[in-house]
Asker: 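My questions will all concern the structure given below.
The chain is numbered in sequence order, starting from 1. Remember, predicted model here, so these are calculated numbers, not experimental data.
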Amino acid sequence: QVQLAESGGGLVQAGGSLRLSCAASGRTSRRYAMGWFRQAPGKERDIVAATTWSGGNTYYADSVKGRFTISTDNAKNTVYLQMISLKPEDTAVYYCAAGLVLGVPATYDFWGQGTQVTVSS
């Protein structure tokens, strides 16, 4: 089992920045891809960004390209999501997840509890 714990969410004004962290523990494996997903009220959970632990391969949803950056700190078993130029439509619960295939949400089996990000206009 892999345990994931997100932190760093909060309330920010439009145009502001936040950095989310995801600490991985348990049976962590570098073979897993690590992703950030988000779910807004009344909407499906969508993938936002994903990366391999090496950082050699990354994926970004079109809606966040150029604004969000995913990165890893292998020594700390932590994945980050740096978010800039935030928009009200970025408001959602953000989840960290571990999966087998970088850009395939159905392969993500381990999930954190989520952290709320609210962007005010």
Asker: Closest approach of Ala50 and Ile47, non-hydrogen atoms and distance?
Answerer: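 That would be CB-CD1, 4.1 Å.
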
Asker: Would a hydrophobic clustering, with Ile, Leu, Val, Met, Phe, Trp and Tyr connected at side-chain separations under 4.5 Å, put Trp111 with Val101?
Answerer: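 Looking at the clustering, Val101 is in a separate group from Trp111.
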
Asker: To the nearest 0.5 Å, what is the distance between OH on Tyr108 and CG on Leu102?
Answerer: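 CG of Leu102 is found 5.0 Å from OH of Tyr108.
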
Asker: Just jot down the ring pair (Phe, Tyr, Trp, His ring centres under 6.0 Å) partners of Tyr32, sequence neighbours excluded, or say none.
Answerer: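 Ring pair (Phe, Tyr, Trp, His ring centres under 6.0 Å) list for Tyr32, sorted by chain: Phe110.
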
Asker: Give, for atom CE of Met34 and atom CG of Leu81, the distance between the pair rounded to the nearest 0.5 Å.
Answerer: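 Atom-to-atom, Met34:CE and Leu81:CG are 12.0 Å apart.
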
Asker: Would you check if Tyr60 and Thr51 make a side-chain contact, meaning some heavy-atom pair closer than 4.5 Å?
Answerer: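 A side-chain contact under 4.5 Å is absent here.
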
Asker: Going through the checks in order, is the side chain to side chain contact (heavy atoms under 4.5 Å, CB included) test met by Phe68 and Leu86?
Answerer: CA-CA 9 Å; Phe68 291 11; Leu86 283 162; 3.8 Å; yes

Asker: Please report the interatomic distance CH2(Trp36) to CG(Leu20), rounded to the nearest 0.5 Å.
Answerer: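 Between Trp36 CH2 and Leu20 CG, I get 4.5 Å after rounding to 0.5 Å.
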
Asker: How far does OH of Tyr80 sit from OG1 of Thr72, to the nearest 0.5 angstrom?
Answerer: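 Taking OH in Tyr80 and OG1 in Thr72, the distance rounds to 9.0 Å.
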
Asker: When you look at Gln1 and Asp109, which way does the side chain to side chain contact (heavy atoms under 4.5 Å, CB included) test go after all the steps?
Answerer: CA-CA 10 Å; Gln1 290 291 325; Asp109 292 326; over 6 Å; no

Asker: Distance check, rounded to the nearest 0.5 Å: Leu4 atom CG versus Gln113 atom CD?
Answerer: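 Here the interatomic distance stands at 9.0 Å.
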
Asker: Could you tell me whether the side chain of Thr115 and the main chain of Glu6 form a donor-acceptor pair under 3.5 Å?
Answerer: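 Judged by distance alone, no pair lies under 3.5 Å.
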
Asker: Suppose we screen for ring pair (Phe, Tyr, Trp, His ring centres under 6.0 Å). Which residues come up paired with Trp53, at least two apart in sequence or across chains?
Answerer: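 With neighbours one apart ignored, the set is empty.
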
Asker: Linking I/L/V/M/F/W/Y whenever any side-chain heavy atoms sit under 4.5 Å apart, do Val104 and Tyr59 land together?
Answerer: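 No; Tyr59 is not reachable from Val104 via cluster members.
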
Asker: If you look only at distance, which donor and acceptor atoms sit under 3.5 Å apart when one is on a side chain in residues 88-97 and the other is two or more places apart or in another chain?
Answerer:
from, atom 1, to, atom 2, distance (Å)
Asp90, OD1, Arg38, NH1, 2.9
Asp90, OD1, Arg67, NH2, 3.0
Asp90, OD2, Arg67, NH1, 2.7
Asp90, OD2, Arg67, NH2, 3.4
Asp90, OD2, Lys87, N, 2.8
Thr91, OG1, Pro88, O, 2.9
Thr91, OG1, Val119, N, 2.9
Thr91, OG1, Val119, O, 3.4
Tyr94, OH, Arg38, NH1, 2.9
Tyr94, OH, Asp90, O, 2.6

Asker: Would you mind reporting whether Gln116 and Leu11 have side-chain heavy atoms less than 4.5 Å apart?
Answerer: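 The answer is no, as the side chains (C-beta and beyond) never meet within the 4.5 Å cut-off.
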
Asker: Could you state the interatomic distance from CZ (Arg19) to CD1 (Ile84), rounded to the nearest 0.5 Å?
Answerer: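 Answer rounded to 0.5 Å: 14.0 Å.
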
Asker: Find out whether Met83 and Val117 are in side-chain contact, i.e. whether some heavy atom of one side chain is under 4.5 Å from a heavy atom of the other.
Answerer: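 Yes - at least one pair of side-chain heavy atoms lies under 4.5 Å apart.
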
Asker: Testing the basics here: between Asp62 and Lys65, what is the closest heavy-atom pair and its distance to 0.1 Å?
Answerer: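 Answer, listing the atom of Asp62 first, then Lys65: OD1-NZ, 3.1 Å.
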
